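Below is one structure; the comments refer to it alone.
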Amino acid sequence: MPGRHISRVRALYKRVLQLHRVLPPDLKALGDQYVKDEFRRHKSVGSDEAQRFLQEWEGMSGNLDACI
């Protein structure tokens, strides 16, 4: 199970950074740094919080996907 979680997190992280590619350079830099900080802060959280974190970010990335 941990391996599946890690690959899910990595895929989501890459997807969000990919979505930032369409932003103007200054907003891309700001967004990329925010995502990196958020994912780094949530590395050592408990299982329940990690699930909520992933659900929220997957929801946001899905919403951005629909806009692009």
Side-chain angles (χ1 to χ4, degrees):
M1 184 73 168
R4 184 172 179 265
H5 173 76
I6 291 170
S7 63
R8 185 175 163 201
V9 171
R10 284 185 182 154
L12 178 59
Y13 180 77
K14 286 181 177 183
R15 183 68 192 133
V16 173
L17 292 178
Q18 261 183 340
L19 290 168
H20 286 180
R21 290 181 184 168
V22 299
L23 296 173
D26 55 337
L27 290 178
K28 179 186 179 307
L30 181 67
D32 287 355
Q33 190 59 54
Y34 178 77
V35 169
K36 289 174 186 178
D37 291 344
E38 275 292 293
F39 275 71
R40 203 172 286 132
R41 273 193 293 272
H42 284 83
K43 265 186 166 180
S44 59
V45 297
S47 180
D48 290 341
E49 190 173 345
Q51 276 297 15
R52 282 192 305 272
F53 176 80
L54 284 175
Q55 288 171 348
E56 290 297 322
W57 276 96
E58 285 171 342
M60 286 187 283
S61 73
N63 291 339
L64 288 174
D65 256 339
C67 294
I68 295 176

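Here the structure is a predicted model, which is why all the values come from computation and not from measurement.
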### Query
Same cluster or not: are Leu23 and Leu17 linked, directly or through other Ile, Leu, Val, Met, Phe, Trp or Tyr residues, by side-chain heavy atoms under 4.5 angstrom apart?
no

### Query
Going by heavy atoms in the side chains, are Val16 and Met60 under 4.5 Å from each other?
no

### Query
Using links of under 4.5 Å between side-chain heavy atoms of ILVMFWY residues, direct or through other members, which residues join Val45 in one cluster?
none

### For Asp37, all residues meeting side chain to side chain contact (heavy atoms under 4.5 Å, CB included), sequence neighbours excluded
Gln33, Arg40, Arg41

### Query
Quick one: salt bridge (Lys or Arg N to Asp or Glu O under 4.0 Å) pairs with a partner in residues 42-58, sequence neighbours left out?
Arg8-Glu58

### Task
If a pair satisfies salt bridge (Lys or Arg N to Asp or Glu O under 4.0 Å) and one of its residues is in residues 17-34, list it, with sequence neighbours excluded.
Lys28-Asp32

#### Entry: Residue pairs involving residues 11-50 (criterion ring-ring contact (aromatic ring centres under 6.0 Å, His included); sequence neighbours excluded)
Tyr13-Phe39, Phe39-Phe53, Phe39-Trp57, His42-Phe53

## Note on the structure
For Ser61 and Leu12, the nearest pair of non-hydrogen atoms, with its separation, is OG-CD1, 3.7 Å

### Query
When clusters are formed by joining ILVMFWY residues with side-chain heavy atoms under 4.5 Å apart, either directly or through shared neighbours, do Val22 and Leu30 land in the same one?
no

